[in-house]
*Asks:* 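Before we start, here is the structure in question, set down as structure tokens.
Here the structure is a predicted model, which is why all the values come from computation and not from measurement. In this chain, residues are counted from 1 in sequence order.
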Amino acid sequence: QVQLVESGGGLVQPGGSLRLSCTASGFTLDYYAIGWFRQAPGKERERVSCVSIRYGETSYADSVKGRFTISRDNAENTVYLQMNSLKPEDTAVYYCAALATSAPTCRLSPYNYWGQGTQVTVSS
């Protein structure tokens, strides 16, 4: 079955860094768009970043541009989100999601496969 497994969340001080991992099982990522989403209590879920595995197109929310980087390791069937210069407002549950598509973009909806989420807390 299709499954996404996330790891890498935790507690970090402002200015620190974390790297989130999303590993797919039951399918290969070649023809998928992969997105990282986050949701904080009382706020709407937002797409932080995404990547088209086949075409390499990437996208970032304005709030994280210059601080977050999405990347992929095709051999490991894994997508990463490197988060630097973290701020308290980055605190949220982060989700990895996938969407099968032939389109050359990851700016699509709805993503139909979701990981379990991993908590990121940025606090001093």
Side-chain angles (χ1 to χ4, degrees):
Q1 70 278 12
V2 174
Q3 187 175 16
L4 300 172
V5 179
E6 300 162 323
S7 63
L11 175 65
V12 65
Q13 291 187 272
S17 298
L18 287 172
R19 189 175 75 161
L20 305 182
S21 300
C22 173
T23 299
S25 62
F27 67 106
T28 58
L29 298 175
D30 295 11
Y31 298 99
Y32 281 78
I34 303 296
W36 284 100
F37 297 77
R38 68 184 182 188
Q39 187 166 27
K43 296 186 177 181
E44 296 293 319
R45 184 166 61 195
E46 66 171 333
R47 188 176 65 223
V48 176
S49 183
C50 64
V51 58
S52 167
I53 301 300
R54 183 180 181 186
Y55 294 98
E57 182 251 7
T58 60
S59 182
Y60 297 91
D62 288 343
S63 58
V64 307
K65 285 181 179 177
R67 300 189 297 120
F68 291 10
T69 303
I70 193 167
S71 62
R72 63 195 185 275
D73 184 336
N74 292 342
E76 297 295 328
N77 216 214
T78 298
V79 174
Y80 303 96
L81 185 68
Q82 179 67 46
M83 306 186 295
N84 297 326
S85 302
L86 283 162
K87 305 174 181 179
E89 50 263 45
D90 295 318
T91 296
V93 177
Y94 284 70
Y95 298 90
C96 176
L99 171 64
T101 181
S102 60
T105 179
C106 62
R107 302 187 303 278
L108 303 166
S109 63
Y111 281 72
N112 52 3
Y113 300 106
W114 292 81
Q116 79 286 354
T118 184
Q119 177 70 47
V120 172
T121 302
V122 185
S123 176
S124 60

*Asks:* Enter the distance from N74:CG to D30:CG here, rounded to the nearest 0.5 Å.
*Replies:* 6.5 Å
*Asks:* Which heavy atom of A24 sits nearest a heavy atom of L29, and at what distance?
*Replies:* CB-CD2, 3.6 Å
*Asks:* Following the transitive rule for hydrophobic clusters with a side-chain heavy-atom cut-off under 4.5 Å over Ile, Leu, Val, Met, Phe, Trp and Tyr, establish whether W36 and Y80 coincide in one cluster.
*Replies:* no
*Asks:* Any donor and acceptor pair, going by atom type alone, linking the side chain of S49 with main-chain N or O of S59 inside 3.5 Å?
*Replies:* yes
*Asks:* Minimum heavy-atom separation for Y60 and F68, please, with both atom names.
*Replies:* CE2-O, 3.2 Å
*Asks:* Is it true that F27 and Y32 have ring centroids separated by less than 6.0 Å?
*Replies:* yes
*Asks:* Assigning hydrophobic clusters by single linkage (Ile, Leu, Val, Met, Phe, Trp, Tyr; side-chain heavy-atom cutoff under 4.5 Å), is V48 placed with Y111?
*Replies:* no
*Asks:* Examine distances only and state if a side-chain atom of T91 and a backbone atom of V122 form a donor-acceptor pair shorter than 3.5 Å.
*Replies:* yes
*Asks:* Would you compute the distance between atom CZ of R19 and atom CE of M83 and round it to the nearest 0.5 angstrom?
*Replies:* 11.5 Å
*Asks:* If you measure from the Lys or Arg side-chain nitrogens to the Asp or Glu carboxylate oxygens, is any gap between D62 and K65 under 4.0 Å?
*Replies:* yes
*Asks:* For atom OH of Y31, decide whether the heavy atoms of other residues, nucleotides or ligands shown that lie under 6.0 angstrom number more than 12.
*Replies:* no
*Asks:* Quick one: pull up OG1 in T121 and CG in L86 and give me the separation to the nearest 0.5 Å.
*Replies:* 11.0 Å
*Asks:* Using every non-hydrogen atom in the two residues, find where P14 and S124 come nearest and quote the distance to one decimal.
*Replies:* CD-N, 3.7 Å
*Asks:* Tell me whether F37 shares a hydrophobic cluster with L4, the cluster being built from Ile, Leu, Val, Met, Phe, Trp, Tyr side chains joined at under 4.5 Å.
*Replies:* no
*Asks:* Do you see a donor-acceptor pair shorter than 3.5 Å between the side chains of T78 and T23?
*Replies:* yes
*Asks:* If two hydrophobic side chains count as joined below 4.5 Å and joins carry through other members, does I70 share a cluster with Y113?
*Replies:* yes
*Asks:* Would you indicate whether the side-chain heavy atoms of V51 and R72 approach each other to under 4.5 Å?
*Replies:* yes
*Asks:* Identify the heavy atoms of Q39 and A92 that sit nearest to each other, and give their distance.
*Replies:* O-CB, 3.5 Å
*Asks:* Do we see a donor-acceptor contact under 3.5 Å between the side chains of T69 and Q82?
*Replies:* no
*Asks:* For residues E46 and A61, report the shortest heavy-atom separation together with the two atoms involved.
*Replies:* OE1-CB, 4.5 Å
*Asks:* Rounded to the nearest 0.5 Å, how far apart are CZ of R107 and CZ of R47?
*Replies:* 7.5 Å
*Asks:* Please examine the side chains of S63 and R38, heavy atoms only from C-beta on, and report whether any two atoms are closer than 4.5 Å.
*Replies:* yes
*Asks:* Which residue in the set L81, L11, V93, L18 passes side chain to side chain contact (heavy atoms under 4.5 Å, CB included) when paired with V120?
*Replies:* L18
*Asks:* Decide whether V79 and L99 are clustered together by the hydrophobic rule: side chain heavy atoms of Ile, Leu, Val, Met, Phe, Trp, Tyr closer than 4.5 Å, transitively.
*Replies:* no
*Asks:* If we only count heavy atoms from C-beta on, is the S17 to N84 side-chain gap below 4.5 Å?
*Replies:* yes
*Asks:* Determine the minimum heavy-atom distance between G9 and L20, stating which atoms define it.
*Replies:* N-CD2, 3.6 Å
